[in-house]
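Okay, so here's the structure we're looking at.
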Amino acid sequence: MAKCSYVPLFETKQVKGRVLFRCIAASIFLGICFIVMYRLMFFPVGGKVERWIWIGQFLSELWFCFYWFLTTVSRWNSVYRLPYIQRLSQRFEKELPGIDIFVCTADPLIEPPSMVVNTVLSVMAYDYPPEKLSIYLSDDGGSDLTFYAMLEAANFSKTWLPFCKKFRVEPTSPEAYFRTASEPLNDADNWLSVKKLYEEMKMRIEATIKLNRIPDHIRKQHKGFREWDFVLSKHDHQTILQILIDGRDSNAVDIEGNPLPTLVYLAREKRPQHHHHFKAGSMNALIRVSSRISNGPIILNVDCDMYANNSKAVKYSLCLFMDEKKGDEIAYVQFLQSFDNLTKNEIYASSFRVLQQLELHGLDAIGGPCYNGSGCFHRRQALCGKKYEKNYKVDWKKVSDTKADESASFLEETCKVLASCTFEHNTTWGKEMGLIYGFLVEDIITGLNIQCKGWKSMYLSPERDGFLGVAPITLLQTLVQHKRWMDGHLQVFLSRYCPLLYGYKKIPLKLRLAYCPYNLWAANCLATLYIVVMPCLCLLKGISLFPKV
Ligand SMILES: O=c1ccn([C@@H]2O[C@H](COP(=O)(O)OP(=O)(O)O[C@H]3O[C@H](CO)[C@@H](O)[C@H](O)[C@H]3O)[C@@H](O)[C@H]2O)c(=O)[nH]1
Ligand SMILES: [Mn+2]
């Protein structure tokens, strides 16, 4: 392609309202100056207790000022990206790369297989050539119930994919779609019959879950069930790998004869004496297994509780990765995460609106958003630990066709070792390669590490949300999640990966500072507790905190 004909595949725009935001920030800064002046000028002279309380308050206030400064860094300059998928289709019609999609699930009781099925079907139905999509489900629950649900999904996809195309279904999760859509005027019979098929499938899955075992007549339907004869428990079993749909097989077609995406079920080996490293461990096993089977240069990671809500998301992300000028330095493209179970007043602020709609756009302007675990497209090489080198260029023609040519059963057997407990021994998996182990927020630390290797990341928030998930909505769920995140972030701050030090000379200072409000989220509790408790105690004791007039 001639260089002079370069037309960008995406544009970067400034978020509106910056001037207003900066005026408000300036006024807050002025307020802070007054507070500091007040604390210094009216320092109590009499009374030892008063003096110490005063100092405590002053320190708490200084902490909040510092925290405000950190958050302001990430909000100062916000940008958003505008991808042009028409240009992408025109330019790369034949060279679109393979996409490997990883869905993680861990427990059939907490994450019901009927939900997992919906997530898997939603990503199978992306508006993208199906022969270039490979979906991998990692089942850390090692459950034959989840495996059975995947068989049902594989079967239903033969109807669902052509249906999505015909009726331009959005969202492509059947549960979410049928919840709100009503039948069209034309071809209502067909529409209703597919809805019925879906409901029957859902009922079959739920009945099996209720039964809590796979009935014999179903067990006979697939060779894969025989694997469970050797499963001792969820924490003690061999690798189970089954290619449920082999996209390379010319017989793997939907009811209209179009090819289907590849669908793979993986339950990596688990043994009580080996640490499994939670989601990071399962992602790393998926990276290795997929590299043998489909080896897509781009990997999408979604949690099983987050379905694809925008069928164009793959193409949107490719507009960024494949842009000739700016694409080659991007390691990952994080999508805004939204939730479809939010309560009206959202009393626990479970959707993290300020983070999602403001701060991540700000981070995007100063080096890139963090990796948030779900709804994120990765460049395989960057995720596998490659450092960014100047003038690194991808030849999309070369990487677009890298599938294995061995038979599915051969692949099933030979890939098992890649997901075994001992495979990672004496390797850099979990340290330099793949997702990093040992942190409660493996996503954040992995994203930071990738950025420190010279890569950029970008943030996408299309008008129609890319992904919709399930947020905690009860107090208990919220406390558990927030505590885990706070712990995880503080752990990052206190580790050798502390952005301020680890990122020195690797990422911009602004980005290092912008990571800190999240890392120091837990540390806020000390100042907050002081400010909340002390004045009340003083009131009870009759200690005056204000200057006498
Ligand atoms: O041993 C495990 C534990 C969890 N998971 C999966 O990891 C995902 C995230 O777990 P969840 O309990 O839903 O955590 P959330 O707090 O909702 O997840 C957010 O925060 C996590 C880090 O704390 C990230 O891993 C997630 O991607 C991010 O969406 C789910 O799909 C799980 O199935 C596994 O695969 N194996
Ligand atoms: Mn979740």
Side-chain angles (χ1 to χ4, degrees), residues 101-113 115-120 122-123 136-143 146 149 234-235 237 265-270 274-287 289 299-307 332 334-342 348 350-352 355-356 360 369-378 383 419 421 430 434-448 466-474 476-492 518-519 521-522:
I101 304 179
F102 298 172
V103 181
C104 295
T105 188
D107 192 324
L109 293 177
I110 302 171
E111 300 164 331
M115 176 182 79
V116 182
V117 161
N118 272 286
T119 303
V120 167
S122 74
V123 292
Y136 295 82
L137 178 84
S138 156
D139 179 16
D140 265 355
S143 161
T146 308
K234 165 182 173 174
H235 309 287
H237 61 79
Y265 172 91
L266 171 74
R268 62 193 165 120
E269 187 187 11
K270 290 265 187 77
H274 293 281
H275 199 307
H276 59 78
H277 302 292
F278 307 100
K279 183 185 167 189
S282 80
M283 285 285 288
N284 287 349
L286 284 173
I287 293 175
V289 168
I299 291 171
L300 163 64
N301 168 216
V302 279
D303 289 350
C304 64
D305 59 6
M306 196 164 247
Y307 60 84
Y332 61 88
Q334 173 68 54
F335 269 72
L336 179 144
Q337 298 176 345
S338 308
F339 304 92
D340 74 346
N341 65 328
L342 297 176
Y348 304 120
S350 337
S351 70
F352 286 92
L355 169 75
Q356 297 284 343
L360 288 173
C370 31
Y371 162 37
N372 286 328
S374 188
C376 189
F377 288 83
H378 286 271
L383 195 56
C421 289
L435 277 86
I436 294 179
Y437 295 157
F439 290 86
L440 286 170
V441 287
E442 77 295 325
D443 42 359
I444 303 292
I445 192 84
T446 303
L448 173 70
F467 299 89
L468 280 181
V470 180
I473 44 169
T474 64
L476 190 64
Q477 289 170 347
T478 311
L479 286 176
V480 168
Q481 191 190 55
H482 287 200
K483 185 179 170 298
R484 175 156 48 84
W485 285 349
M486 283 184 192
D487 277 358
H489 272 288
L490 193 63
Q491 191 190 5
V492 171
Y518 314 118
N519 295 155
W521 184 10

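Remember, it's 1-based here, ligands and their atoms both numbered in the order they're listed. Worth saying up front: this structure is predicted, and the values here are computed from it rather than measured.
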Residue, atom name and distance, where the atom is the protein heavy atom closest to atom 18 (O) of ligand 1 =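 Residue, atom and distance for the closest contact: D303 OD2, 3.8 Å.
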
Aromatic ring pairing H275/H277, orientation class (parallel under 30°, perpendicular over 60°, tilted between) =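 Judged by the thresholds at 30° and 60°, the geometry between H275 and H277 is parallel.
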
request  = Show which atoms of ligand 1 fall inside a sub-4.0 Å distance from at least one heavy-atom site of Q481.
outcome  =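 Taking each heavy atom of Q481 in turn, ligand 1 has 15 (P), 16 (O), 17 (O) under 4.0 Å.
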
request  = Check whether any side-chain heavy atom of E442 lies under 4.5 Å from a side-chain heavy atom of Y437, and answer yes or no.
outcome  =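 Contact flag for E442/Y437 side chains = no.
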
message = Within the 4.5 Å heavy-atom criterion, are M115 and C304 side-chain neighbours or not?
response =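 Yes. Closest side-chain heavy atoms under 4.5 Å.
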
With T146, the side-chain contact (heavy atoms from CB on, under 4.5 Å) member among D139, V117, D140 =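 For T146, the side-chain contact (heavy atoms from CB on, under 4.5 Å) check succeeds only for D139.
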
When you look for heavy atoms under 4.0 Å from ligand 1, do you find them on the side chain of [X], its backbone, both, or neither?
X    : value
C104 : both
N372 : backbone
E442 : side chain
D443 : side chain

Between [options], flag the one that comes closest to [atom] by a heavy atom.
atom                    : options                : result
atom 5 (N) of ligand 1  : C304, A106, A471, G141 : A106
atom 16 (O) of ligand 1 : R484, R268, E111, K270 : R484
atom 22 (C) of ligand 1 : D305, L440, L286       : L440
atom 27 (O) of ligand 1 : K279, H277, M306       : K279

ask   = Are D107 and K234 ion-paired here, with the side-chain N under 4.0 Å from a carboxylate O?
value =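 Looking at D107 and K234, the cut-off is met.
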
inquiry  = Any side-chain to backbone donor/acceptor pair from R268 onto H276? Under 3.5 Å, distance only.
reply    =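 Between the backbone of H276 and the side chain of R268 there is a qualifying donor-acceptor contact (under 3.5 Å).
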
